[in-house]
Each structure stands twice: as C-alpha cells, then as structure tokens.
Amino acid sequence: MKTTFAALLAPCVLVSSLFAGLSAAAQAQTMNDAVYQGLGAKSGISKIVADFLPIILADQRINAAFKDTDMERLGAMLAEQFCELSGGPCKYSGKEMKEAHQDMKVTNAQFFALAEDLQIAMEKNNIPSSVQNKLVAKLAPMQRPIVTK
Ligand code: HEM
C-alpha cells in the first residue's frame with residue numbers, strides 16, 4: 001500500500017489540534033476562574049456571605065422582606081450562586097431568581113440596596129474593587145427577573 005504524505009500528516013494535525021484545543025480550554029478555565037480566585041475561592045466567599053447576611057438584616061431599606069427567611073439557607077444558596085457566577089467549581093442548587101422573588105414586589109431601589117450591601121461585605125473582606133465590580137456585573141442580569149415593581 002502506498003502511504004501518502006497527507007496520510008502521514010493527518011494524525012499529527014489531529015494530535016496537535018487536540019493539544020491546542022486542550023490548552024485553550026485550560027487557559028479559558030484559568031481566565032474564567034479569576035473572579036472566583038479574587039474573591040478568595042470557597043472560604044473567601046463563605047466569609048463574604050457571613051458578613052453580607054447581617055448587613056442585609058440591618059438595612060432598613062430591605063430588611064422587612066427577610067423577616068420570615070431562613071437565613072442559613074439563604075447564605076448557603078448565595079455562596080453557591082456567587083461561586084458558580086464567579087467561575088468557581090460549584091453548581092447553584094436553589095430556585096430560579098424569578099421564582100424565588102415572585103410576589104415580593106422588589107423595587108429597583110431595593111435591588112441596588114442589596115447590591116450595595118454586598119459591596120460593603122466585599123470591602124470588609126478587602127476584595128479589590130476590580131473583582132467587586134466583576135461580581136456585581138454578573139448580578140446585573142438578575143435585575144429583570146427579581147424586580148417586579
Ligand atoms: C442581586 C440581587 C439578588 C440576588 C443575587 C438574590 C439571590 C437570592 C437567592 C440565591 C435566594 C435563595 C433562593 C432559594 O432559597 O432557593 C434568594 C432568596 C430571597 N431573596 Fe433574593 N436576591 C437578590 C435580591 C433580592 C432583593 C432586592 C430582595 C428584597 C428586598 C430579596 C429578597 C429575598 C428573600 C426574602 C428571599 C427568601 C425567599 C424565601 O424565603 O423563600 N432578594 N435571593
């Protein structure tokens with residue numbers, strides 16, 4: 001059988017493009033991970049959420065909404081959500097944002113108040129403002145399903 005140059009080359013092309021693909025994927029993983037790492041990974045996110053909850057409860061602009069809320073569950077769900085959103089190795093297991101906030105009549109002002117409280121919690125944990133802004137930007141698309149008033 002005659003072996004053509006192309007036939008010899010084909011597996012090399014396949015293998016090298018596979019490597020290129022893998023290293024691009026690895027690079028994307030590292031890049032997508034940056035906000036998660038900037039937040040201090042899982043333990044950093046837990047600390048931020050632990051500071052965030054009492055700030056929410058002390059904030060008169062929004063605390064009435066949380067009077068019957070299981071704050072332990074809320075904390076666990078927020079930690080999962082922030083981990084996933086920031087590119088960490090988590091899968092959010094809570095309710096869809098629309099479902100979780102329906103009938104609450106959340107206003108834009110309340111939405112921004114909560115985002116501000118999150119920034120205070122991140123500031124308290126010395127998270128660089130570039131990282132803070134990136135997490136807040138990831139929450140922005142949730143305004144639509146959450147704000148219903
Ligand atoms: C960026 C904005 C917000 C995010 C990312 C967010 C995220 C979440 C998450 C992850 C949950 C847990 C859902 C579950 O239990 O499965 C939740 C529940 C809740 N959220 Fe929000 N939320 C936001 C804004 C707000 C605002 C502005 C209010 C009211 C002022 C609010 C009030 C509540 C309440 C009361 C619950 C508990 C509902 C229940 O007990 O079932 N949220 N939120």
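Whatever order the structure lists ligands and atoms in, that order sets their numbers, starting from 1. Computation of the quantities below employed the complete heavy-atom set of this structure, encompassing side-chain atoms and omitting hydrogens, waters and symmetry-equivalent molecules. Note that the structure is a prediction, hence the values are computed from the model and not measured. Residue indices begin at 1 and follow the sequence shown.
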Item to check | The single option from Q110, M97, Q102 passing side-chain contact (heavy atoms from CB on, under 4.5 Å) against I146 | outcome: M97
Checklist entry - What is the minimum heavy-atom distance between V147 and F111, and which atoms define it? => result CG2-CB, 3.7 Å
Checklist outcome for this item: Using heavy atoms and a strict 4.0 Å limit, residues surrounding ligand 1 turn out to be I62, A65, F66, T69, R73, L74, M77, L78, Q81, Y92, G94, K95, M97, A100, H101, M104, V106, Q110, F111, L114, L139, M142, I146
Next on the checklist: Check for me, please, whether V136 and Y36 land in the same ILVMFWY cluster - side-chain distances under 4.5 Å, paths through other members count.
Outcome noted: yes
Checklist entry - Just by modelled atom types, is the N108 backbone N or O under 3.5 Å from a matching donor or acceptor in the Q143 side chain? => result no
Next on the checklist: For I55, is there any backbone N or O sitting under 3.5 Å from a side-chain donor or acceptor partner on D59?
Outcome noted: no
Item to check | Heavy-atom check, side chain of E116 versus side chain of R61, under 4.5 Å | outcome: yes
